[in-house]
Structures are given as C-alpha cells and as structure tokens.
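What follows is a short report on a single structure.
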Amino acid sequence: IILTSVPEEQHVLGLLMVEALFALEGAECIPLGTQMPLLELARAATAHQADIVALSFSVAFPTRPIPALLQQLRGLLPAGMALWAGGAGIQRTPAMADIELLHTLDDALNTLADWHRQHP
C-alpha cells in the first residue's frame with residue numbers, strides 16, 4: 001500500500017496512524033511522505049507495483065477540490081490498482097466509482113479485510 005497525501009496537504013498524523021494499523025494487519029506499506037504530486041505518485045505506485053494507493057485528507061484541507069483530485073489520480077493509476085482516501089477531510093466528499101472513501105479507522109481496517117478476501 002502506497003501511503004501519501006496530495007500537494008498542499010501537509011498533515012502526516014493520519015498517514016502514520018493508518019500505516020501502523022495496516023502494518024499490524026500484515027500489509028506492506030510504502031510511505032511516501034506528504035504533498036506528493038499526482039503524476040509522481042502514479043509513477044511511484046506503478047514502479048512499486050502497488051496494489052493500493054491510500055491518501056489522507058485532514059480537516060484542514062479544503063473540501064471542494066477533493067473529488068477532482070481523486071478522479072484525476074484515478075485516471076493516472078492502472079485500472080486494477082485500488083485508490084482509497086480517508087481522513088476527516090473526506091467526510092463531505094460524495095461517493096465516486098472505483099474510489100474507496102474511508103471515513104474512520106474502522107472503515108480502513110474493514111476495507112483492507114475486504115480487499116484481502118477478494119485478493120487471496
């Protein structure tokens with residue numbers, strides 16, 4: 001799982017928390033830090049042959065650009081690569097096709113468990 005945030009999102013606490021939880025569940029996490037440009041993120045995810053790209057949005061990040069950023073990144077990632085977004089910043093983000101919105105840490109763990117069931 002590639003873990004990062006988009007440009008202008010500098011908060012790292014959510015990424016660190018979800019990385020710890022995912023690692024405890026046996027996931028191999030690749031933290032890229034914060035503020036990763038989308039094209040560079042897509043290239044890194046492809047180079048690492050990641051199964052999942054997970055982004056964190058804090059409550060301090062403006063809500064309005066989130067859907068467009070997620071859709072843009074979805075278009076840059078390979079079709080089979082999952083895209084997850086979580087954190088307090090996505091609470092008002094509408095559901096989108098092929099993008100998992102993780103509203104809580106429990107959602108993150110449940111989504112990871114579902115992913116493992118679908119990809120044994």
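Heavy atoms only: backbone and side chains are in, while hydrogens, waters and symmetry mates are out.
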Residues which pass salt bridge (Lys or Arg N to Asp or Glu O under 4.0 Å) with [X], listed by chain and number, not counting sequence neighbours:
X: Asp51; value: none
X: Glu25; value: none
X: Arg64; value: none

Just how far is it from atom [atom1] of [X] to atom [atom2] of [Y], taken to the nearest 0.5 Å?
X: Leu105; Y: Asn110; atom1: CG; atom2: CG; result: 11.0 Å
X: His11; Y: Gln35; atom1: NE2; atom2: CD; result: 10.0 Å
X: Glu28; Y: Ile52; atom1: CD; atom2: CD1; result: 11.5 Å

Exercise: do Glu9 and Ser56 side chains pair donor with acceptor under 3.5 Å: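 Note: Glu9 and Ser56 side chains miss the donor-acceptor criterion.
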Close side-chain approach of Pro31 to Leu15, heavy-atom, < 4.5 Å: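 Of all side-chain heavy-atom pairs linking Leu15 with Pro31, none is under 4.5 Å.
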Just grab all the salt bridge (charged side-chain N to carboxylate O under 4.0 Å, His left out) pairs involving residues 111-120, residues at least two apart or on different chains.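 Counting only pairs at least two positions apart or across chains, the salt bridge (charged side-chain N to carboxylate O under 4.0 Å, His left out) contacts touching residues 111-120 are Asp114-Arg117.
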Which atom names give the shortest non-hydrogen contact between Thr93 and Gly89, and what distance separates them?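 Between these two residues, the closest heavy atoms are OG1-O, 4.1 Å.
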So which residues get pulled into Met81's cluster when ILVMFWY side chains under 4.5 Å apart are joined, directly or through others?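 Met81 shares its hydrophobic cluster with Ile2, Val6, Ile30, Leu32, Met36, Leu38, Leu39, Leu41, Val53, Leu55, Phe57, Phe61, Ile66, Leu69, Leu70, Leu73, Leu76, Leu77, Leu83, Ile90, Met96, Ile99, Leu101.
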Partner set under side-chain contact (heavy atoms from CB on, under 4.5 Å) for Glu100, not counting sequence neighbours: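 If we apply the side-chain contact (heavy atoms from CB on, under 4.5 Å) test to Glu100, skipping adjacent residues, the hits are Trp84, Leu102, Thr111.
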